[in-house]
There are 2 protein chains.
Amino acid sequence: MTLSAATGGYSPPVPRSSPPAISLAVDLVILTIRDGKLNVLLIERGKPPFRGRLALPGGFLEDGEDLDEAAIRELGEETNIEGRNLHLEQLRTYAAPGRDPRGRVVSVAYLAIAPDLPPPVAGSDAAASRWMPVGGHGPLAFDHDEILAHGVERARAKLEYSPLAAAFCEEPFTIADLRSVYEVVWGVALDPRNFHRKVNSVGNFVVPTGERRQPRSGRPAALYRRGQATVLHPAMLRPTKP
Amino acid sequence: MTLSAATGGYSPPVPRSSPPAISLAVDLVILTIRDGKLNVLLIERGKPPFRGRLALPGGFLEDGEDLDEAAIRELGEETNIEGRNLHLEQLRTYAAPGRDPRGRVVSVAYLAIAPDLPPPVAGSDAAASRWMPVGGHGPLAFDHDEILAHGVERARAKLEYSPLAAAFCEEPFTIADLRSVYEVVWGVALDPRNFHRKVNSVGNFVVPTGERRQPRSGRPAALYRRGQATVLHPAMLRPTKP
DNA sequence: GCAAAAGTGTTAATGTTACACCCATGT
DNA sequence: ACATGGGTGTAACATTAACACTTTTGC
């Protein structure tokens with residue numbers, strides 16, 4: 001955001017108005033890849049507002065809970081993630097007045113990346129909960145279209161310089177599995193040969209297990225696990241269009 | 001964040017506890033460069049808690065206000081920014097229970113980048129408000145050390161792939177001014193010759209005004225304004241140590 | 001053998017680094 | 001003339017991109 005500060009200048013120190021009553025919620029953008037498409041977990045709202053509309057899973061913060069704890073709890077309520085490693089990061093906070101007709105609801109959005117998960121379970125507020133291809137759903141409840149767009153944008157950007165792509169893969173995985181993540185999330189085709197070398201030249205991005213996996217046809221592929229790298233050197237740069 | 005989900009599995013749909021009373025605040029990490037050092041705007045708290053301690057400027061959200069609006073308002077109260085362009089972006093939200101002894105205060109942190117600004121004005125909660133070199137101050141109030149660290153880290157990272165560095169510069173600026181930003185924020189020395197070419201090879205990072213500025217001694221330097229680019233291609237990569 | 005997918009080699013284009021050298025100015 | 005920063009040239013090196021080619025499997 002860049003602004004041409006139009007705030008009308010200096011305001012003298014005055015007592016603040018008493019803060020309005022606020023509810024704090026956590027909403028989750030949970031992404032995975034299913035059938036070669038980027039999918040997001042959506043719920044069908046079982047009660048007003050936006051009854052029957054699709055929405056991101058989420059819920060209100062409980063007493064004494066920190067944001068990460070609430071996000072993990074909601075994740076557990078919406079999906080079967082016991083014992084799995086997954087990526088979870090805070091995305092952004094949304095507080096526009098009127099974004100929730102029930103009143104002043106501030107939502108802290110989280111981005112979660114998971115391998116293809118078992119079918120989700122029904123959540124508390126949810127009449128139904130299911131994976132949907134991103135873009136293959138109507139408008140979402142509240143400002144969730146905007147939140148989802150931010151989440152997808154963040155994921156696309158982080159593929160370049162972080163090992164996030166590996167979070168989409170069930171371990172162990174092949175280089176082709178990993179390449180498919182990049183291709184699906186970025187919506188581009190990558191050269192398998194160059195991709196293979198590039199991934200292996202990045203320090204600690206993936207580590208070979210020594211095992212192999214037989215594809216439907218063709219030479220067996222080496223298997224890998226996620227490495228310890230938190231940033232990629234060099235980065236996996238997105239191909240430039242022109 | 002990567003976690004080994006230890007949430008104990010599925011929780012049945014239960015009515016949520018009524019949300020606790022929450023106050024929503026906006027805190028600002030305002031960075032600038034003064035005397036060749038990265039500086040942050042801090043206030044000395046005029047009342048408890050943490051009376052007399054340094055803290056990030058900030059305040060509570062007012063009725064009907066969105067987060068960006070509150071951040072801009074606070075910025076106007078703490079600094080003289082009328083008519084200036086500056087960079088402002090949401091950083092992260094902090095809600096750990098106990099982070100504020102007054103109760104459940106959730107803080108949405110913003111990162112602002114500005115050219116060397118005139119001396120700040122006294123804010124509402126502030127006994128004093130001043131620029132301090134980052135690191136050259138004691139521990140801050142609340143969890144503001146953590147927030148500041150996140151802000152600085154974000155700024156360092158964004159110098160690489162965004163034109164953020166130019167937000168530190170008063171327009172018009174020279175290439176050497178811009179280089180100084182990178183050197184100060186990253187804490188490294190850069191080759192002036194290579195830097196010059198690199199900046200000019202990045203599309204729309206800076207645009208020449210056609211004017212020149214005379215340094216204390218030496219050849220006059222060409223002047224530039226910020227370009228329209230939002231991402232840098234190619235990126236201004238940080239030198240690798242080894 | 002053939003198809004299919006994995007993986008290696010090679011080369012040209014592009015980007016990065018180090019540093020020699022020239023330019024324009026004040027003293 | 002000399003010091004001081006601004007700016008260009010150039011060659012070694014690294015990274016990327018395009019694609020020919022080899023490997024290992026199932027049928």
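Take the nearest nucleotide of DNA chain C for A/T174 and for B/R238: the residue whose nucleotide is more 5' is A/T174.
If you take CE of B/M236 and P of C/dG15, they are 14 Å apart, rounded to a whole angstrom. Atom CG in B/N200 sits about 14 Å away from atom P in C/dT16, given to the nearest Å. With rounding to whole Å, B/L237 atom CG is found 18 Å from C/dT14 atom P. Atom P of nucleotide C/dT16 and atom CD of B/E160 are separated by 11 Å, given to the nearest angstrom. Spacing between atom CG of A/D177 and atom C1' of C/dA5 amounts to 13 Å, rounded to whole angstrom units.
Within 4.0 Å (heavy atoms only), A/R179 reaches sugar-phosphate atoms of the nucleic acid but no base atom.
B/L190 is listed as a side-chain neighbour of B/V188, based on a closest heavy-atom distance under 4.5 Å. Between A/T230 and A/S162, every side-chain heavy-atom pair lies at or beyond the 4.5 Å cut-off.
Salt bridge annotation for B/E69-B/R73: absent, with no cationic side-chain nitrogen under 4.0 angstrom from a carboxylate oxygen. Taking a cutoff of 4.0 Å between a charged side-chain nitrogen and a carboxylate oxygen, A/K37 and A/D35 do not qualify as a salt bridge.
Ring geometry for A/Y161 versus B/Y161: interplanar angle under 30°, hence parallel rather than tilted (30 to 60°). Classified by interplanar angle (parallel below 30°, tilted 30° to 60°, perpendicular above 60°), the ring pair B/H144/B/F142 is tilted.
Side-chain atoms of A/H137 come within 3.5 Å of backbone atoms of A/G135 as a donor-acceptor pair (strictly under, hydrogens ignored).
On the nucleic acid side, DNA chain D contacts chain B at distances under 4.0 Å to non-hydrogen atoms, with the end points of that region at D/dT4 to D/dT10.
A/S180 and A/D177 share no side-chain donor-acceptor pair at under 3.5 Å.
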Protein-to-nucleotide contact annotation, 5' to 3' order, nucleotides 19-27 of chain C [B base; S sugar-phosphate only; - none; under 4.0 Å, heavy atom]: BBB-BBB--
